[in-house]
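The structure's right below; bear with me while I get my questions together.
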Amino acid sequence: MVQRLLNRYLYAMYDSFDDYTTTGNDYADAGAWDTMILKTKTFLFATTTNDLTVKVLGSMDGGATYPYTAVSEFSVTTAAAVTKEVTSYYTNLKVQVKPAIADQHGTLSTQYAGTSF
């Protein structure tokens with residue numbers, strides 16, 4: 001993870017999750033991110049094999065549970081990468097993924113960036 005403290009009050013960071021290959025047809029966790037001090041959070045999703053369905057869940061209890069939908073489910077196709085931004089406050093965000101078509105598994109690549117301003 002690359003973190004930059006711009007001054008005492010401004011903070012920026014970016015990183016990526018390990019690529020995640022689906023093995024089942026139900027949603028699976030592809031990665032989680034501690035966003036407690038971040039105001040703006042941006043994700044970049046891509047797949048190179050088969051189309052995938054992705055959603056982002058939010059937590060308000062430090063990642064113990066994820067009862068909130070931060071980004072409703074959307075498609076990530078092999079044709080183009082997808083960017084999603086989360087501006088609502090959550091202590092943690094979790095990405096979940098499943099195949100868009102049953103048994104046609106794919107690999108999700110996820111990059112993320114955030115700032116405290």
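Quantities reported herein were computed from a predicted structural model and do not represent experimental measurements.
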query: Heavy-atom count around Tyr68 OH within 6.0 Å, excluding the residue itself: above 12?
result: no
Taking every non-hydrogen atom, the tightest pair across Thr47 and Leu52: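 Result for this residue pair: OG1-CD1, 3.7 Å.
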query: Under the 3.5 angstrom rule, does the side chain of Ser16 hit a backbone N or O of Gln111 as a donor-acceptor pair?
result: no
message: Nearest 0.5 Å, please: how far is OH in Tyr90 from CG in Leu38?
response: 14.5 Å
message: If we count only N and O atoms by modelled type, under 3.5 Å, do the side chains of Asp19 and Ser109 hold a donor and an acceptor together?
response: yes
message: Hydrophobic cluster membership, with links at side-chain heavy-atom distances under 4.5 Å among I/L/V/M/F/W/Y: are Leu93 and Val71 in one?
response: yes
- request: Please check if Met60 and Val56 belong to a single hydrophobic cluster, counting links between Ile, Leu, Val, Met, Phe, Trp and Tyr side chain heavy atoms closer than 4.5 Å.
  value: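 Yes, Met60 connects to Val56 through the hydrophobic network.
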query: So if you build clusters from Ile, Leu, Val, Met, Phe, Trp, Tyr with side-chain heavy-atom gaps below 4.5 Å, do Tyr112 and Val86 land together?
result: yes
message: Treating Asp34 as the side-chain partner and Met36 as the backbone partner, does any N or O pair qualify as donor plus acceptor under 3.5 Å?
response: yes
query: Can you tell me how far OG1 of Thr42 sits from CD of Glu85, rounded to the nearest 0.5 angstrom?
result: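 With rounding to 0.5 Å, CD (Glu85) is 4.0 Å from OG1 (Thr42).
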message: Testing the basics here: between Ala64 and Ser59, what is the closest heavy-atom pair and its distance to 0.1 Å?
response: N-OG, 4.0 Å
message: Checking side chain to side chain donor-acceptor pair (under 3.5 Å) between Thr107 and each of Thr21, Asn50, Thr22, which is the one that passes?
response: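 Exactly one pass, corresponding to Thr21.
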message: On a heavy-atom basis, which atom in Phe117 and which in Thr40 lie closest, and how many Å separate them?
response: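 Looking at all heavy atoms of both residues, the closest pair is O-OG1, 3.7 Å.
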Shortest non-hydrogen contact from Ala30 toward Leu108: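 Minimum heavy-atom separation between Ala30 and Leu108: CB-CD2, 4.2 Å.
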message: Testing the basics here: between Pro99 and Gln104, what is the closest heavy-atom pair and its distance to 0.1 Å?
response: CB-O, 3.5 Å
- request: Output the distance between atom OG1 (Thr83) and atom CG (Leu44), rounded to the nearest 0.5 Å.
  value: 4.5 Å
- request: Could you go through the ring-ring contact (aromatic ring centres under 6.0 Å, His included) check for Trp33 and Phe17 one step at a time?
  value: CA-CA 9 Å; Trp33 179 23; Phe17 299 138; 7.5 Å; no
message: For the residue pair Lys84 and Phe45, would you count it as a cation-pi contact if the rule is NZ or CZ under 6.0 angstrom from the ring centre and within 45 degrees of the ring axis?
response: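 Checked: cation-pi criterion not met.
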query: Do Lys55 and Tyr27 meet the cation-pi criteria used here (NZ or CZ under 6.0 Å from the six-membered ring centre, within 45° of the axis)?
result: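 Here Lys55 passes the 6.0 Å and 45° test against Tyr27.
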field: N/O donor-acceptor pair under 3.5 Å between Asn25 side chain and Asp103 backbone
entry: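 Yes, Asn25 side chain to Asp103 backbone: donor-acceptor pair under 3.5 Å.
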- line: CG (Asp26) and NZ (Lys98) are apart, to the nearest 0.5 Å, by 7.5 Å
Rounded distance [0.5 Å steps], OG1 in Thr35 versus NZ in Lys94: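 So the gap between those two atoms works out to 13.0 Å.
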task: Answer yes if Tyr66 and Val54 sit in the same cluster of Ile, Leu, Val, Met, Phe, Trp and Tyr residues linked by side chain heavy atoms under 4.5 Å apart, and no otherwise.
output: no
- request: Over all heavy atoms of both residues, which pair between Thr78 and Thr48 is shortest? Give the atoms and the distance, please.
  value: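 What the structure gives for the nearest pair is CG2-C, 3.8 Å.
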query: Once you round to the nearest 0.5 Å, how far does OG1 of Thr91 lie from CD1 of Ile37?
result: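 Answer rounded to 0.5 Å: 12.5 Å.
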